[in-house]
Enquirer: 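Dropping a structure here in structure tokens format, bear with me for questions.
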Amino acid sequence: MPTAEDVAARIARLLEDKPRTFYEVLRQLGDVEYRTILQAWGALRERKRLGRDAEGYYLLKG
Amino acid sequence: MTETFRAMLTRLDKDGELLRLGQDVDARHLSALMVKADKPVLFEHVRGYDIPLVGGLFWTRKRLAQALAWPESELGTRFLAGLQTRIEPELTETAPVQEVVRTGRDVDLTALPIPFLAEKDGGPYISAGVVLARADAGIVNAGVYRLMYRCRDETGIDLVTASDLRRLYEAALGRKEPLPISVSLGAHPVELLSAAYKAPPGLGELTIAGGLHGGPVRLARCRTIDVPALADAEIVLEGALLPIGWSEDEGPFGEFAGMYGDLKWNPVFKVSAITHRRDAVFHAIQMPWENAWLGAAVTEAQVWDVLRRAGVDVVNVAVTEGSACRFSVIAAIRKRAGEGKNALMAILSLPDTKHAIVVDHDIDIFDPTQVEWARTFCVQADRDVVVIEGVRAKHIDPSVKPWELGKGELPVTAKMGVDATIPEGIPRRYYERIKPAFLDEVRIDADR
């Protein structure tokens, strides 16, 4: 089972690739438990890695 | 003893009005399943969580009426009648919602099955929380605000629209202080309706809820802040709105009008404690219809009230579903000269009402054909249509172009009223409806 850190790294790669909505991230991580995704998302938020573009899509900061 | 959220669930279950799903459900599918079900749903096993979730309780007018145990046709009048009785909330020392208490590093919002509701939402949302904050003169202010999950101990909160909580936050921000708030999940619909109501200054929403319940709302002292919470709720989040202003990303969010509100910049809610019942149930309000119908009862009550205060002999009031049960209102009145437009002015003075149509007392306002007949044949557009510009609006209306506003800026709109009552000076006989000859004297089955 992937850890929250593993999933945070996957989310970071997805957002580095291109800006995405939260839904698009969820769909890309269909093999991951929802709660683990929220934990990973929260970790990125705490590290201030989540930004937004002008249309509101999430992108990776820093 | 007032009915609690838990007692309401038990009642609905006993009456066969709650669908219990015992199978394991993926949390990302909760929203879609709630919408597809033909009853409110209790998801007993959400995968990865120890806490079940219930949603869809107010998805239709009928479901809201069942949850309230009120007749469907009386949502507005019952709410209005309840406003006349005021019962102050009471502090209690023992609160079921504090059977489990987690503070500090044990605060973990990911222990709650916060659902992801609509495709373009900015994240999972807590949508059913009653937010309490200390207001002036010892009153506890209550409102319902959406909270976007950010991390273990933070959510966003939408404070862009004018509200009492926004006003309190602005005052705290001016002092460079956080604003302590509690968020109670698992509030009875009476409390949700009251929290959504724009109570006049000096009157607390929970006092109104007590009047509607017929008994006091019970409050518990929070463990980490000097603000109470609903003692009989399922889950409470304690914390404070940080004094950072409208600076953090929040949204987009699928709103009660059925469209998405844009990305906004809002304050952050820092959670200092999560308390809950030992067997807590997480309550989710599914957009758009649950929020819309909660608004219907309040809007209809407000229209009844404002028309009576204006001295109008009001016969019936209804919101229209297509206006998200809020922005458009039809009222039937027993008209005296000039009262069509008097009624319009009264209705359009309400903050959310954007369009209003007033008809005569003999028009069935629940029959769109009759309403259209009145609008077609009683209205001259240059005389009977009232337009008022520069009036308070809501961001969720795309026609006010909210994306052009600055951070924290409030929108304005143009309101419209249509006086579809028989015009002054035109005898009523010209509007007499045709009636087939002998209509009352024959029955179709008598001729077989």
Side-chain angles (χ1 to χ4, degrees), chain A, chain B residues 24-32 43 45-51 53 105 107-126 148-156 247-254 260-266 268 270-271 282 402-403 407:
Chain A
M1 289 281 254
T3 65
E5 276 306 312
D6 296 334
V7 177
R10 276 178 70 179
I11 295 173
R13 284 195 294 277
L14 286 170
L15 296 181
E16 256 175 338
D17 176 44
K18 63 175 181 174
R20 296 177 196 263
T21 63
F22 184 85
Y23 179 56
E24 287 166 341
V25 169
L26 265 190
R27 290 200 73 95
Q28 291 291 322
L29 298 173
D31 59 313
V32 180
E33 287 291 346
Y34 179 81
R35 184 174 176 179
T36 308
I37 296 171
L38 265 58
Q39 290 165 339
W41 189 262
L44 289 171
R45 177 71 79 180
E46 283 172 337
R47 291 171 206 156
K48 303 196 188 311
R49 302 296 310 280
L50 296 177
R52 303 283 200 131
D53 69 10
E55 275 80 52
Y57 287 76
Y58 284 100
L59 45 80
L60 200 66
K61 288 200 301 190
Chain B
D24 225 43
V25 168
D26 188 329
R28 73 195 90 202
H29 299 150
L30 290 167
S31 174
F43 299 94
H45 299 289
V46 182
R47 193 177 322 137
Y49 296 91
D50 297 325
I51 294 179
L53 180 144
R105 288 304 302 176
V107 167
D108 183 7
L109 288 169
T110 74
L112 306 177
I114 305 172
F116 181 63
L117 296 173
E119 286 183 355
K120 293 210 165 112
D121 284 355
Y125 266 91
I126 295 169
M148 185 182 85
Y149 168 77
R150 287 169 57 89
C151 62
R152 177 187 68 81
D153 62 351
E154 280 183 6
T155 76
S247 61
E248 288 290 321
D249 60 292
E250 189 272 331
F253 185 65
Y260 288 100
D262 265 347
L263 170 69
K264 292 185 178 146
W265 298 91
N266 264 306
V268 162
K270 191 77 168 176
V271 182
F282 185 98
W403 56 89
K407 282 186 191 176

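Since this is a predicted model, take the numbers as computed values, not measurements. Reminder, nothing fancy here: chain letters follow the sequence lines and each chain counts from 1.
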Enquirer: Looking at every heavy atom in both B:Gly251 and A:Arg52, which two are closest together, and how far apart are they?
Expert: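 Between these two residues, the closest heavy atoms are O-NH2, 2.7 Å.
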Enquirer: With a 4.5 Å limit on heavy-atom distance, are the side chains of B:Pro124 and A:Trp41 in contact?
Expert: no
Enquirer: Taking atom CG as the centre, does B:Asp50 end up with more than 12 heavy-atom neighbours from other residues, nucleotides or ligands that are less than 6.0 angstrom away?
Expert: no
Enquirer: Side chain from CB out, backbone as N, CA, C, O: work out which of these in A:Leu44 comes under 4.5 Å of a heavy atom of chain B, or both, or neither.
Expert: neither
Enquirer: Measure across B:Tyr149 and A:Leu38 and return the closest heavy-atom pair with its distance rounded to 0.1 Å.
Expert: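 Closest heavy-atom pair between B:Tyr149 and A:Leu38: OH-O, 2.6 Å.
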Enquirer: Taking every heavy-atom pair that is under 4.5 Å apart, which of B:Asp249, B:Leu263, B:Asp108 has the most such pairs with chain A?
Expert: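 Ranked by heavy-atom pairs under 4.5 Å with chain A, first place is B:Asp249.
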Enquirer: Is it true that, when you exclude B:Lys120 itself, more than 12 heavy atoms of the residues, nucleotides or ligands shown sit nearer than 6.0 Å to its NZ?
Expert: no
Enquirer: Is A:Arg35 in contact with chain B via its backbone, its side chain, both, or neither, using a 4.5 Å heavy-atom distance?
Expert: both
Enquirer: Which one, B:Ile114, B:Asp26, B:Val46, leads in non-hydrogen pairs under 4.5 Å with chain A?
Expert: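 Ranked by contacts with chain A, first place is B:Ile114.
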Enquirer: To the nearest 0.5 angstrom, please state how far the CG atom of B:Asp262 sits from the CD atom of A:Glu55.
Expert: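 Reported value, rounded in 0.5 Å steps: 10.0 Å.
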Enquirer: Mind listing the closest non-hydrogen atom pair of A:Leu29 and B:Arg28 along with its distance?
Expert: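 Smallest interatomic distance, heavy atoms only, reads O-NH1, 3.4 Å.
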Enquirer: Tell me, out of B:Ala111, B:Ala118, B:Pro113, who's got the most heavy-atom pairs with chain A below 4.5 Å.
Expert: B:Ala111
Enquirer: Sort A:Tyr57 into side chain, backbone, both or neither according to what part of it lies under 4.5 angstrom from a heavy atom of chain B.
Expert: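 The answer is neither part of A:Tyr57.
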Enquirer: Report the distance from atom CZ of B:Arg150 to atom CD of A:Glu46, rounding to the nearest 0.5 Å.
Expert: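 Between atom CZ of B:Arg150 and atom CD of A:Glu46 there are 10.0 Å.
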Enquirer: Is A:Tyr34 reaching over with its side chain to a backbone N or O of B:Phe116, donor-acceptor style, under 3.5 angstrom?
Expert: yes
